[in-house]
Structures are given as C-alpha cells and as structure tokens.
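Residue numbers count from 1 along this sequence.
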Amino acid sequence: MAMSGAHGGDSGPGLCGVSVFCCLTLACSYVGSLYVWKSELPRDHPAVIKKRFTSVLIVSLLSPLFLSLWKEMTGVKTDAPLLSLMGFRIEGMITAAILPLLLTMVLFLGPLVQLSLDCPWDFLDGLKVGFDPRFWMLCGTDMRWLRNQVIAPLTEELVFRACMLPMLVPCTGPGPAIFTCPLFFGIAHFHHVIEQLRFRQATVLSIFLSAVFQFSYTAVFGAYTAFIFMRTGHLIGPVLCHSFCNYIGFPAIFGALEHPQRFTIILFYFLGVVLFILLLYPMTEPTLYGDIPICKLLDVQSTEYRSLCS
C-alpha cells in the first residue's frame, strides 16, 4: 500500500495528553448518559432500556465530534476522511463483515458445539426458525435483545474503537493502542457495580469479584475487537463480533467438564483455540480489506507502518 503518513501537530506528551483526555471524556460521557434518567427500576426494565437507548444514541452520534475536536487540538493532518478513519467505508466491507465473524466463531467452536448438543432442535428446525420473519419481529420487540445484540455492540464499538483508536494511534502506535483502548472500555463497565450495590443483588465481596472478572473479560475482548478494527480498517467486523459474543456469553467451561459428552466438547474447545491462533493473522491480513485508513496517521518510515500497512 502506498500511503502518506500523518503530518503536522504536536508530538510526545502534549499529543498523548490530549488523546487520553479526549478518550476519557468520551468514555465518561457514554457511561454518564446512562444515568441522566432518574429511576428506581432495575437496568433490565424495558422503560429503563428505552430511555438509555435515547441517551447512548445521542452520545454515539456526537462521538465523531470528539475525534474532529482532537484533530483540531493536536493539529494532526491526514488525507483520510473522518468517517473513513472511523471504519465507515465501502472498500472491503463484505470481507470485513464475514471473515472476522467466522474467526470469532472458530474461537467459540467449543461453546457452539456445546450449545448444539444441548439444543432441543435439530439443524433443519434451527434453519426454519432463523429464516422465519416472525422470529426476528419478536426479537425486535424485546428490549433486552435489542440492547445486547444491536444497540450495545454498535454504540460501544463506535465510541470505544472507531473514535478512540484514531486518537491513540499517533500517540502510542498501533500495538500499544490495541491494549490501551480496552482499558477505557473495561472501566466503562464498572458502572454495573453501582446498580448491583444499589439493588443489593449480591454481597459486596461477590459484586467486587464479579466486577474484577468483568473488567478483565471486557478488556481482553476489547483488545480483540481493537485488533480487528486496526487490521481491517472497518467498524462492521467488531460490531458483528461483539453482537455474537454477547449472544454466546462467556464459555461455560465448568458445564463442559460435567457434560455427558465432555470429551467431544473439550476436544472442540481445544480445536477452536488452536485454529483461532493459526488463522488470526491470515484472516485479518490487511491486504484483504484494501487501504487501511488508520495507516495514514502513522509515519511511513516507522516500523509500525511497515508491519501494518505495507
């Protein structure tokens, strides 16, 4: 790929300070928008979900302004359009929608086999349900389903990947940005602790341990979707992978160990991880997705540019 790197603007602590400040402000705005509505109802109540839809969608629609403001404050110049930097582009979009999702399904091969063995339907019944418009109409009226499968994946990936990564890359480079960005994402999920304590859903210790686990899991997952965004230059892949992972949930490893067909399931768990490691780089090869816009934020002479963009 022949691209020109970013030019102009500050460098060093000034650039990094502005980048971290903008990311932190954006993360706080996203989480804060969930609490502008005062309610005594729990987070899963449809009325609460509808109100939060409104506030997070507003913040998400305004999130490109943070990136635009960051460019003005730092003086970073790039030939890539703002929406292109955020992963909204046509080139390579179909590939970006399919390959990262397939890669994620390979990683979850064990849980998928486990679900299929426990499912009361056979394959044909499952296909009939999947192609039945009434099933999708029913999903569309379920506020929890809309939140978990549509709104949360779309808005979180837009805010925490599409807007934050372009701000972090000029400061840290692509590699560190992949692991820095999820910290904002993980911290943003700590707000669940407030609600659990408020409604006394468990003991303080169990809530704290759950929060630590959730932070760790979301940070690792955030690094993975940041990796996909960086390698493909598209937002659609992280959004679909996020939605899929929300549907599958954390693998029921202990359930697999106690399953009547545990050896088969464990074999597929192991096979999925091995295949994922082998396919991770080939299936996210940047040349499959066209010119990567975020490369235009890098110095063309840098090692990071050569490893990602050439």
Side-chain angles (χ1 to χ4, degrees), residues 44 94-136 138-140 142 144-154 156-157 161 182 185-186 189 209-210 212-229 231-232 234 236-285 288:
D44 287 335
I94 295 176
T95 308
I98 296 173
L99 291 187
L101 181 60
L102 286 177
L103 178 65
T104 307
M105 293 175 74
V106 167
L107 177 62
F108 282 80
L109 188 60
L112 286 173
V113 169
Q114 188 174 346
L115 283 173
S116 67
L117 291 174
D118 293 337
C119 183
W121 302 335
D122 59 27
F123 181 72
L124 290 178
D125 288 336
L127 283 179
K128 289 178 182 178
V129 172
F131 285 101
D132 188 344
R134 292 172 297 179
F135 169 74
W136 295 107
L138 185 63
C139 290
D142 184 340
R144 291 182 63 182
W145 186 90
L146 282 175
R147 179 191 64 193
N148 296 337
Q149 310 308 138
V150 180
I151 302 298
L154 178 60
E156 289 180 0
E157 294 304 321
R161 246 66 70 185
F185 183 59
H189 282 71
L209 292 176
S210 175
V212 171
F213 171 78
Q214 187 177 43
F215 173 79
S216 303
Y217 178 63
T218 53
V220 171
F221 172 77
Y224 173 59
T225 56
F227 176 86
I228 292 173
F229 180 86
R231 298 271 295 178
T232 66
H234 280 274
I236 190 170
V239 170
L240 292 177
C241 293
H242 193 147
S243 180
F244 172 78
C245 290
N246 278 0
Y247 175 75
I248 297 296
F250 191 80
I253 299 173
F254 293 109
L257 294 174
E258 298 174 356
H259 199 279
Q261 300 186 54
R262 65 177 69 88
F263 294 109
T264 300
I265 294 173
I266 292 171
L267 175 63
F268 278 102
Y269 266 85
F270 178 76
L271 181 62
V273 172
V274 171
L275 288 175
F276 174 79
I277 294 171
L278 293 175
L279 295 172
L280 179 61
Y281 279 91
M283 290 184 73
T284 60
E285 172 57 44
L288 295 172

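- Residues Thr232 and Pro100 meet the side-chain proximity criterion, which asks for heavy atoms closer than 4.5 Å.
- Distance CG/Leu280 to OH/Tyr224: 7.0 Å, rounded to 0.5 Å.
- Put simply, the side chain of Leu154 does not reach to within 4.5 Å of the side chain of His242, judged on heavy atoms.
- Taking each heavy atom of Phe221 and Glu157 in turn, the nearest pair found is CE2-OE2, 4.1 Å.
- Side-chain atoms of Arg262 do not come within 3.5 Å of backbone N or O of Ala256 as any donor-acceptor pair.
- The CD atom of Gln114 sits 10.5 Å away from the CD atom of Gln261 when rounded to the nearest 0.5 Å.
- No side-chain heavy atom of Leu109 sits under 4.5 Å from any side-chain heavy atom of Phe276.
- Heavy atoms of other residues, nucleotides or ligands lying less than 6.0 angstrom from CZ of Phe270 number 12 at most.
- Of all heavy-atom pairs spanning Gly222 and Thr225, the tightest one is O-OG1, 3.2 Å.
- Taking every heavy atom of both residues into account, Met283 and Leu99 meet most closely at CE-O, 3.4 Å.
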Inset, instruction - May I have the step-by-step check of side-chain contact (heavy atoms from CB on, under 4.5 Å) for Leu288 and Glu285, ending in yes or no? - result: CA-CA 6 Å; Leu288 295 172; Glu285 172 57 44; 4.1 Å; yes
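- Taking the six-membered ring for Trp and the full ring otherwise, Phe244 and Phe108 have centroids separated by under 6.0 Å.
- When all heavy atoms are compared, the tightest approach of Ile228 to Pro238 is CG2-CD, 3.8 Å.
- In terms of modelled atom types and a separation under 3.5 Å, the side chain of Ser116 and the main chain of Val113 share a donor-acceptor contact.
- Contact check for Leu107 versus Leu103: no side-chain heavy atoms found under the 4.5 Å cut-off.
- Other residues, nucleotides and ligands contribute at most 12 non-hydrogen atoms within 6.0 Å of the OH atom of Tyr247.
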Legend entry - Test side-chain contact (heavy atoms from CB on, under 4.5 Å) applied to Asp44 and Arg147, step by step: CA-CA 10 Å; Asp44 287 335; Arg147 179 191 64 193; 2.8 Å; yes
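- Note that CG of Asn148 is 12.5 Å distant from SG of Cys245, once rounded to the nearest 0.5 Å.
- Annotation: the span from Thr95 atom OG1 to His234 atom NE2 amounts to 8.0 Å, rounded to 0.5 Å.
- At distances below 3.5 Å, at least one donor-acceptor pair connects side-chain atoms of Trp136 with backbone N or O atoms of Gly130.
- Comment: Asp142 does not engage Arg144 in a salt bridge, judged by the lack of any side-chain N to carboxylate O separation of less than 4.0 angstrom.
- Side-chain contact between Phe268 and Pro111 is absent, with no heavy-atom pair separated by less than 4.5 Å.
- Ring centers of Tyr281 and Phe227: under 6.0 Å apart, within the cut-off.
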Inset, instruction - Decide side-chain contact (heavy atoms from CB on, under 4.5 Å) for Tyr269 and Leu257; before the verdict, give the C-alpha distance in whole Å, the side-chain angles of both, and the deciding distance to 0.1 Å. - result: CA-CA 11 Å; Tyr269 266 85; Leu257 294 174; over 6 Å; no
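- At a threshold of 4.5 Å between non-hydrogen side-chain atoms, the residues Phe215 and Val220 do not count as touching.
- Nearest approach of Ala219 to Pro182, heavy atoms of both residues: O-CB, 3.1 Å.
- Tested against His259, the residues Ile265, Thr264, Ile266 include a single side-chain contact (heavy atoms from CB on, under 4.5 Å) partner, Ile265.
- Pairing each heavy atom of Val150 with each of Pro153, the nearest pair is O-CD, 3.4 Å.
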